[in-house]
A.B. asks: 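First, the structure itself, so that you have it in front of you.
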Amino acid sequence: MRRAIRKYVTWYLVVAMLVIGIAPKVQAGFSPSEAIGLASAERSSNLQKIQKFLEVKMVGERLKVYGFTPEEIQARLNNLSDQQIHQVALKIDDWKIGGDSALGILITVLLIFILVILIIQLTGHRIVVK
């Protein structure tokens, strides 16, 4: 009886640790005021962020598919106001290009595997590999 309880508690803790480890990170911070103008240093850092984003191979190919040349993109970028550039830079932070999709799939497969093993263990069955 005591061994069974220990086993259930162990599995509960394993699942709880996995769930806690998978929980997304949440970040908080101050948001800039709309009334305050952007400094030129901030504009240049935002432009660098946008340029770096546009240099990503997948983004460049996608823009070519839509018929944009690098010169057109640069001309449109130069016509944006400071506020619009800042908004685009903020949006880039939210996007994850090819980011952690493989990690998400791996975690999902691992979770399914662990749940299957947990269900098999809880029902009292054993896995025998011959």
Side-chain angles (χ1 to χ4, degrees):
M1 179 73 181
R2 189 173 195 163
R3 185 178 179 142
I5 291 173
R6 186 183 307 164
K7 187 167 84 177
Y8 291 129
V9 170
T10 302
W11 280 107
Y12 172 75
L13 290 174
V14 167
V15 171
M17 293 298 287
L18 283 172
V19 169
I20 290 170
I22 293 172
K25 295 178 184 175
V26 178
Q27 297 176 351
F30 295 106
S31 63
S33 173
E34 297 290 330
I36 298 174
L38 300 173
S40 64
E42 191 167 357
R43 178 183 169 87
S44 65
S45 70
N46 287 335
L47 280 173
Q48 285 177 348
K49 185 183 293 182
I50 293 171
Q51 287 294 339
K52 189 181 286 184
F53 176 74
L54 292 174
E55 291 171 359
V56 173
K57 184 178 179 182
M58 190 167 66
V59 174
E61 290 175 359
R62 196 68 176 169
L63 288 172
K64 281 184 183 177
V65 168
Y66 287 124
F68 291 105
T69 64
E71 293 80 22
E72 288 176 331
I73 294 168
Q74 191 62 40
R76 288 180 183 226
L77 202 57
N78 290 336
N79 290 335
L80 293 178
S81 69
D82 290 348
Q83 194 64 33
Q84 290 171 326
I85 288 173
H86 184 67
Q87 292 293 327
V88 171
L90 289 176
K91 288 285 185 187
I92 288 173
D93 288 339
D94 294 340
W95 298 330
K96 292 181 179 176
I97 306 295
D100 55 353
S101 62
L103 180 65
I105 291 171
L106 180 68
I107 289 172
T108 304
V109 169
L110 184 64
L111 260 179
I112 290 171
F113 179 73
I114 289 171
L115 283 175
V116 168
I117 288 178
L118 181 66
I119 291 171
I120 289 172
Q121 290 290 328
L122 290 177
T123 57
H125 293 86
R126 297 280 176 204
I127 299 173
V128 178
V129 179
K130 292 183 179 181

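Numbers for residues simply follow the sequence, beginning at 1.
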A.B. asks: Rounded to the nearest 0.5 Å, what separation is found between the CG atom of Leu122 and the CG atom of Leu115?
C.D. replies: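 It is 10.0 Å, given to the nearest 0.5 Å.
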A.B. asks: Side-chain donor-acceptor pairs under 3.5 Å in residues 6-17, sequence neighbours left out?
C.D. replies:
{"residue": "Thr10", "atom": "OG1", "partner": "Arg6", "partner atom": "O", "Å": "2.7"}

A.B. asks: With a 4.5 Å cut-off on side-chain heavy-atom distances among I, L, V, M, F, W and Y, is there a chain of contacts connecting Ile119 to Leu111?
C.D. replies: no
A.B. asks: If hydrophobic clusters are built from ILVMFWY residues whose side chains come within less than 4.5 Å, do Ile107 and Ile114 share one?
C.D. replies: no
A.B. asks: Which residues pass the side-chain contact (heavy atoms from CB on, under 4.5 Å) test with Ile120, not counting sequence neighbours?
C.D. replies: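 Once residues adjacent in sequence are excluded, the partners of Ile120 under the side-chain contact (heavy atoms from CB on, under 4.5 Å) criterion are Val116, His125, Ile127.
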A.B. asks: Just to verify, what does Phe113 make a side-chain contact (heavy atoms from CB on, under 4.5 Å) with, not counting sequence neighbours?
C.D. replies: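 With sequence neighbours excluded, Phe113 shows a side-chain contact (heavy atoms from CB on, under 4.5 Å) to Ile117, given in chain and number order.
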A.B. asks: Between atom CZ of Arg43 and atom CD of Gln48, what is the distance when rounded to the nearest 0.5 Å?
C.D. replies: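 The distance works out to 12.5 Å.
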A.B. asks: If only atom types and distance count, is the side chain of Gln84 paired as donor or acceptor with the main-chain N or O of Ser81 below 3.5 Å?
C.D. replies: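 A pair under 3.5 Å: yes.
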A.B. asks: What's the verdict on side-chain contact (heavy atoms from CB on, under 4.5 Å) for Asn78 and Gln74, showing C-alpha distance, side-chain angles and the deciding distance?
C.D. replies: CA-CA 6 Å; Asn78 290 336; Gln74 191 62 40; 3.4 Å; yes
A.B. asks: Quick one: closest heavy-atom pair of Ser44 and Ala41, and the distance?
C.D. replies: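 Heavy-atom minimum between the residues: OG-O, 2.8 Å.
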A.B. asks: Could you tell me the separation between the NZ atom of Lys49 and the CG atom of Leu54, rounded to the nearest 0.5 Å?
C.D. replies: 13.0 Å
A.B. asks: Backbone N or O of Thr69 within a donor-acceptor pair of the Glu72 side chain at under 3.5 Å?
C.D. replies: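 Yes, the answer is positive, given that a donor and an acceptor are paired below the 3.5 Å cut-off.
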A.B. asks: Would you compute the distance between atom CD1 of Ile92 and atom CD1 of Ile50 and round it to the nearest 0.5 angstrom?
C.D. replies: 5.0 Å
